[in-house]
Amino acid sequence: MSMIEFHDVEKYYGKFHALKNINLTIDRGEVVTIIGPSGSGKSTLLRTINGLERITSGQLIVNDFDLADKNTDMNRIRKNVGMVFQHFNLYANKTVLDNITLGPTMVLKRPKAEVEDSARELLKMVGLEDQAAKYPSALSGGQKQRVAIARSLAMNPRAILFDEPTSALDPEMIGDVLDVMQTIAKQGMTMVVVTHEMGFARRVGDRIVFMADGQILEDESDVAGFFDH
Ligand code: ADP
Ligand code: ADP
């Protein structure tokens, strides 16, 4: 069953044609990596999926919501579709634990004690159970990104979008973040990942989408084959 469907999608920023005739279907549980040169529209494509950018025309269905419909409640999309950014976007004045519990308590109105228990479980899963009381400024980039991933998971999303999640990290931090992403992938999460990490694309991705100049030039399920040519 499909989680994300683009049909003939176009996106303009003013006169600039950022997405051209995008047709792409992503199934539930699929891990799709998006690669391509800088400025090719990868981030724009990702941001349309959770409504951070509106499409100009065509059809975009995400978790059965119609994103081209002006009446669709974008807050509901963002509850269903998490996003992990290059620069973490953690709340600087909240502890690691509070960064994770804020969404589930404030947005989903779940009970605080229960939310804290699951937040500590998530911190364990990302290898940061000892860091709960710290503030983001005390963490390395790799640790911050793992907190951001835990925060996204705490909302129990149907899919998670990753926008160059390792591009701002020192090389020695990247492996830990990719390991966490691999764990989530194995648990069956639908993931769309914009990345330059070809090793991740090859090992973890079910599919590779190659973009250039606002278009999808290749959409390849034969990941090993993609790297052979
Ligand atoms: P990528 O992620 O592949 O680097 P982007 O999706 O960020 O590409 O950008 C694609 C093109 O759209 C770029 O030329 C960029 O300058 C342009 N662009 C992105 N966001 C905006 C915006 N908010 N307003 C105008 N142009 C934008
Ligand atoms: P889930 O979290 O299981 O996706 P929701 O309660 O968020 O369940 O929504 C269930 C379905 O109801 C959505 O997939 C969507 O098709 C429809 N729906 C509910 N509210 C809205 C809304 N405000 N706008 C558009 N569709 C909606």
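As the structure lists them, so they are numbered: ligands from 1, and atoms in each ligand from 1.
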Quiz item: How about Ser57 and Tyr12: does a side-chain donor come under 3.5 Å of a side-chain acceptor?
Solution: no

Quiz item: Who pairs with Ala168 by side chain to side chain contact (heavy atoms under 4.5 Å, CB included), at least two apart in sequence or on another chain?
Solution: Gln86, His87

Practice problem: Would you mind telling me which of Ile61, Ile26, Leu24 makes a side chain to side chain contact (heavy atoms under 4.5 Å, CB included) with Phe6? | Solution: Leu24

Exercise. Return yes if some donor-acceptor pair links the side-chain N/O of Asn50 with the main-chain N/O of Arg78 below 3.5 Å, else return no.
Key: no

Quiz item: Under 4.0 Å between a Lys/Arg side-chain N and an Asp/Glu carboxylate O for Glu220 and Arg207?
Solution: no

Exercise. Check the pair Glu53, Lys11 against salt bridge (Lys or Arg N to Asp or Glu O under 4.0 Å), reporting the backbone distance first and the verdict last.
Key: CA-CA 9 Å; Glu53 295 288 353; Lys11 167 70 181 174; 3.5 Å; yes

Dump all N/O pairs between ligand 1 and the protein below 3.5 Å as a table: atom names plus distance, one pair per row.
from: ligand 1; atom 1: 2 (O); to: Ser43; atom 2: N; distance (Å): 2.8
from: ligand 1; atom 1: 3 (O); to: Gly39; atom 2: N; distance (Å): 3.4
from: ligand 1; atom 1: 3 (O); to: Ser40; atom 2: N; distance (Å): 3.0
from: ligand 1; atom 1: 3 (O); to: Ser40; atom 2: OG; distance (Å): 3.3
from: ligand 1; atom 1: 3 (O); to: Gly41; atom 2: N; distance (Å): 3.0
from: ligand 1; atom 1: 3 (O); to: Lys42; atom 2: N; distance (Å): 3.0
from: ligand 1; atom 1: 3 (O); to: Lys42; atom 2: NZ; distance (Å): 2.8
from: ligand 1; atom 1: 4 (O); to: Gly39; atom 2: N; distance (Å): 2.7
from: ligand 1; atom 1: 6 (O); to: Thr44; atom 2: N; distance (Å): 2.9
from: ligand 1; atom 1: 6 (O); to: Thr44; atom 2: OG1; distance (Å): 2.6
from: ligand 1; atom 1: 8 (O); to: Gly41; atom 2: N; distance (Å): 3.1
from: ligand 1; atom 1: 20 (N); to: Tyr13; atom 2: OH; distance (Å): 3.4

